[in-house]
Amino acid sequence: MSDNGATPFPTQLAVSCGFCCGTSDVNWFCKSCPGSLCNTCKMSHPSYPVFKNHIVVPRTNDVMRLYGPSKIAEQCRLHPEKEISTYCKDCQVPCCATCQVQKHKKHDISTIEDAYLSAENRLNDNVKELEKDVLPTIDQMTDNTEKESSEKRVHIDRVREEVNTFREELKEAVDESCDYLIEKLEHDETELDNLITKLNVQKGKVRELIKEVNEIIQKGDLSMIKYSPPSPSTFIPEFPTPRSTIPVFSPGRDILSIIKDRIGTVEWIEINSESKHTPIPTAKFDPSMININKVGSFSSEIYVTSITTAGNNTAWVMWSGSDTMYLYDSSGKMVRSITVEGSNGIMDMVIRRSGEIIVTSGDRKVRRVSVSGEVSTLIDTSPFTPYGVCLTDSEDVVVCMNDQDEKNSHIAVYSPDTGIKLREIRGMIGQGKQQITDPYRVVSNGKDLCVVNVDLGHVVCVDERGDVRWVYDGKEAKLSKSFDPRGVSVDRYNNLLVTDMYNNCVHYIDREGRLIQIILTQEQTGLVGQWGICVDDKIGQVWVGNGWNYVVICEYLS
């Protein structure tokens with residue numbers, strides 16, 4: 001046993017003292033030399049001036065594990081005859097005694113054993129941190145990712161199905177077009193065959209007549225005088241002159257690039273699972289920018305309960321009592337009109353990036369109107385009547401679904417290509433109180449959907465999961481009449497513009513549901529009964545129509 005009762009370092013081979021070479025009672029270790037010491041040499045070791053500051057410790061398992069030959073017996077690369085014994089903290093390099101004298105004078109020096117122990121402690125701390133904090137975090141992230149992956153795969157399968165459905169529709173359209181061309185060629189080919197057949201028949205009749213006339217001539221009797229053959233011209237068929245042209249196929253090469261541009265994209269929308277709402281980056285807005293400037297106005301063919309800008313200083317206007325929607329330019333010239341037969345009144349519309357129009361109508365249908373004006377049914381919303389419609393960033397179709405029983409009213413999200421319902425949103429809040437009971441108009445604002453609720457006289461904002469974020473009831477404006485919201489639009493600052501028919505104005509609201517300012521008043525626009533509204537961000541203008549047939553165009557921000 002050692003003097004302090006420490007457990008001696010066990011050895012399988014005899015360990016000799018580094019000074020007397022004895023093998024008995026070698027229970028000590030000099031960290032400074034470094035080397036093993038017997039009890040006798042340990043006592044005399046500090047008596048030598050050169051060794052007086054050396055550190056001698058019991059030769060225990062822990063000491064030898066840290067300072068034993070396997071740990072420290074490494075030769076200096078610059079001086080191979082010397083062992084590394086110290087560590088320069090300034091240079092962060094191990095060194096032998098010669099290196100220390102030649103290159104590291106006045107540097108902060110520690111024993112190699114202390115440097116080794118410090119490094120081992122640091123690494124042990126790193127291991128503990130990895131085991132305590134990093135591994136559990138990665139485990140949690142793995143669990144969350146696996147869960148999220150499972151949810152995403154459901155959406156991936158749905159999108160894959162939509163893409164394949166669209167592929168089949170595209171193939172069918174291509175097959176129909178090509179079949180038509182082939183059928184036309186085959187028809188022309190049949191006409192050519194029929195013409196040749198008729199010509200051959202006439203040729204045979206002419207030959208028979210020639211034979212008959214020759215026989216009469218050969219007889220040479222008086223009957224020849226009375227014989228009057230048909231006029232040769234009667235045997236020439238009345239056929240069109242054979243065309244000198246040949247069919248040539250001119251493939252629509254441009255259609256390939258058009259299809260690539262318009263076939264659509266698959267996009268990933270960000271979903272934050274940790275918070276109900278994450279603000280999205282917007283253009284910087286300053287209320288001092290508000291500056292109303294009326295730049296145009298005109299009378300339309302119909303009342304304006306809905307208005308949608310279409311680019312190039314144009315906008316579509318609609319009235320829920322009419323089957324026809326009209327496209328006007330900013331001067332009031334009617335550019336185009338589209339009639340949706342049997343619609344029982346067009347309620348609202350939205351334009352896709354491809355130029356296709358999605359239309360809701362009073363006959364409980366959501367229809368697609370192609371760029372050329374062809375109309376087809378996308379969704380049958382029975383028993384609900386679809387009112388407002390908008391598109392999300394991924395172009396899913398959001399529809400206000402109105403029912404006489406307000407508890408059944410909601411907004412629904414559909415695939416724009418297949419019409420498959422993706423989800424329903426009712427806007428529940430508090431003790432299960434439903435906020436969407438009479439949805440009339442809806443707009444997409446980043447990840448939020450903002451709904452004009454007519455019967456409650458407010459605008460309700462829900463996030464992507466359908467949770468209510470805020471409700472705006474107009475009381476903040478302190479107007480003389482109650483808030484009567486009708487139309488809603490969103491600008492590039494993610495601010496909402498909501499028409500108020502009773503108060504003849506527009507409420508300008510930020511994306512958190514706070515009133516910024518009352519704008520586009522009767523005094524500023526000359527408009528009474530503001531109803532339909534739409535912002536054209538490309539030129540910084542807003543189009544507003546009233547419940548009659550008057551439209552005003554204004555710049556509202558400087």
Side-chain angles (χ1 to χ4, degrees), residues 292-351 355 357-363 367 369 371 373 375 386-390 400 440-441 443 452 454 484-491 497-506 519-556:
I292 307 301
N293 179 28
K294 182 178 175 181
V295 297
S297 62
F298 62 88
S299 296
S300 68
E301 296 288 329
I302 54 176
Y303 298 158
V304 187
T305 55
S306 181
I307 187 166
T308 302
T309 55
N312 298 320
N313 285 308
T314 63
W316 290 95
V317 300
M318 287 138 281
W319 174 47
S320 57
S322 173
D323 289 348
T324 302
M325 51 190 182
Y326 298 87
L327 181 66
Y328 288 92
D329 64 19
S330 57
S331 68
K333 178 182 177 182
M334 203 255 291
V335 179
R336 184 186 181 190
S337 66
I338 295 177
T339 299
V340 181
E341 299 291 346
S343 69
N344 197 26
I346 296 173
M347 299 297 179
D348 199 10
M349 63 163 280
V350 66
I351 303 174
I357 304 173
I358 305 293
V359 177
T360 58
S361 53
D363 64 342
R367 293 178 170 87
V369 181
V371 177
V375 181
Y387 280 80
V389 61
C390 74
C400 293
Y440 181 69
R441 290 289 182 262
V443 290
V452 171
V454 175
D484 184 33
R486 296 289 168 152
V488 61
S489 187
V490 63
D491 65 14
L497 292 86
V498 184
T499 57
D500 184 348
M501 190 178 70
Y502 284 174
N503 292 286
N504 305 319
C505 65
V506 171
I519 62 173
L520 301 171
T521 62
Q522 181 179 353
E523 291 75 16
Q524 294 170 330
T525 64
L527 200 62
V528 177
Q530 282 87 329
W531 197 311
I533 187 169
C534 193
V535 173
D536 188 343
D537 271 330
K538 291 184 177 180
I539 55 176
Q541 294 181 351
V542 58
W543 296 55
V544 187
N546 62 5
W548 290 272
N549 63 340
Y550 195 61
V551 177
V552 170
I553 307 170
C554 293
E555 295 173 344
Y556 69 105

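Remember, it's a predicted structure, so these values are computed and weren't measured experimentally.
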Worksheet item: Can you check whether Leu497 reaches Val490 side chain to side chain, under 4.5 Å on heavy atoms?
Response: no

Discussion item. With side-chain contact (heavy atoms from CB on, under 4.5 Å) as the criterion, how do Trp319 and Ile346 come out once you've worked through the C-alpha distance, each side chain's angles and the decisive distance to 0.1 Å?
Written reply: CA-CA 6 Å; Trp319 174 47; Ile346 296 173; over 6 Å; no

Practice prompt. Tell me, yes or no, whether the heavy-atom count around Tyr326 atom OH, taken from other residues, nucleotides or ligands under 6.0 Å, exceeds 12.
Written response: yes

Worksheet item: Do Met349 and Met318 touch side chain to side chain, with heavy atoms closer than 4.5 Å?
Response: yes

Worksheet entry | Residue pair Val452 / Arg486, side-chain heavy-atom distance below 4.5 Å | no

Worksheet entry | Spatial distance of atom OG (Ser322) from atom CD1 (Ile302) [nearest 0.5 Å] | 4.5 Å

Worksheet item: When rounded to the nearest 0.5 angstrom, what is the spacing between CH2 in Trp316 and CH2 in Trp543?
Response: 12.5 Å

Worksheet, complete the sentence: Heavy-atom closest pair (Gly532 atom, Thr499 atom, distance to 0.1 Å) is O-CG2, 4.4 Å

Worksheet item: Which heavy atom of Ile307 sits nearest a heavy atom of Ala315, and at what distance?
Response: CG1-CB, 4.1 Å

Discussion item. Can you tell me how far apart CD (Gln522) and SG (Cys505) are? Round to the nearest 0.5 Å.
Written reply: 10.5 Å

Worksheet item: Does OH in Tyr502 sit with more than 12 non-hydrogen atoms of other residues, nucleotides or ligands closer than 6.0 Å?
Response: no

Worksheet item: Just wondering, do Met325 and Val317 contact through their side chains at under 4.5 Å, heavy atoms?
Response: no

Fill in: Test item: Ile357 and Val350 side chains (from C-beta on) under 4.5 Å apart, heavy atoms
no

Response to the item:
dist Trp531:CH2 -> Thr305:OG1 (nearest 0.5 Å) comes out at 6.5 Å

Discussion item. Less than 4.5 Å apart, side chain to side chain, heavy atoms only: is that true for Asp329 and Asn313?
Written reply: no

Worksheet entry | Under 3.5 Å side-chain donor-acceptor pair for Asp491 and Tyr556 | yes

Item to complete: Using the test salt bridge (Lys or Arg N to Asp or Glu O under 4.0 Å), find all partners of Asp536 that sit at least two apart in sequence or belong to another chain.
Response: none

Worksheet item: Within a strict 4.5 Å, meaning less than it, do heavy atoms of the Ile351 and Ile358 side chains meet?
Response: no

Worksheet item: Looking only at heavy atoms, what is the nearest atom pair of Val488 and Ile533, with distance?
Response: N-CG2, 3.6 Å

Worksheet item: By salt bridge (Lys or Arg N to Asp or Glu O under 4.0 Å), which residues pair with Asp537, not counting sequence neighbours?
Response: Arg492

Practice prompt. Verify whether one side chain among Asp348 and Ser306 offers a donor that lies under 3.5 Å from an acceptor in the other.
Written response: yes

Discussion item. With no hydrogens and no angle check, just 3.5 Å: does a side-chain donor-acceptor pair link Ser300 and Asn549?
Written reply: no

Worksheet item: Which atom names give the shortest non-hydrogen contact between Phe298 and Ile553, and what distance separates them?
Response: CE2-CD1, 4.4 Å

Worksheet item: With a 4.5 Å heavy-atom cut-off, do Leu527 and Asn504 have their side chains touching?
Response: no

Worksheet item: Are the side chain of Asp323 and the backbone N or O of Glu341 linked by a donor-acceptor pair below 3.5 Å?
Response: no

Practice prompt. Indicate whether any N or O donor in one side chain lies under 3.5 Å from an N or O acceptor in the other, for Ser297 and Tyr550.
Written response: yes

Fill in: Donor-acceptor pair, side chain of Gln530 and main chain of Gly487, under 3.5 angstrom
no

Side-chain polar contacts of residues 333-340 - donor-acceptor pairs under 3.5 angstrom, sequence neighbours left out - could you list them?
from, atom 1, to, atom 2, distance (Å)
Arg336, NH1, Val371, O, 3.3
Arg336, NH2, Val371, O, 3.0
Thr339, OG1, Thr324, OG1, 2.8

Worksheet entry | Between Asp363 and Ser361, a side-chain donor and acceptor under 3.5 Å | yes

Worksheet item: Ser320 and Tyr303: side-chain contact (heavy atoms from CB on, under 4.5 Å), yes or no, with the steps?
Response: CA-CA 9 Å; Ser320 57; Tyr303 298 158; over 6 Å; no

Discussion item. Quick check against the 3.5 Å criterion: does Lys294 have a side-chain atom that pairs as donor or acceptor with the backbone of Thr525?
Written reply: yes

Worksheet item: Which heavy-atom pair separates Gln524 from Ile519 by the least distance, and what is that distance?
Response: OE1-C, 3.5 Å

Item to complete: Might you work through the side-chain contact (heavy atoms from CB on, under 4.5 Å) test for Val542 and Leu520, ending with a clear yes or no?
Response: CA-CA 10 Å; Val542 58; Leu520 301 171; 3.9 Å; yes

Item to complete: May I ask you to decide if the ring planes of Tyr440 and Tyr387 are parallel, tilted or perpendicular, using 30° and 60° as cut-offs?
Response: tilted

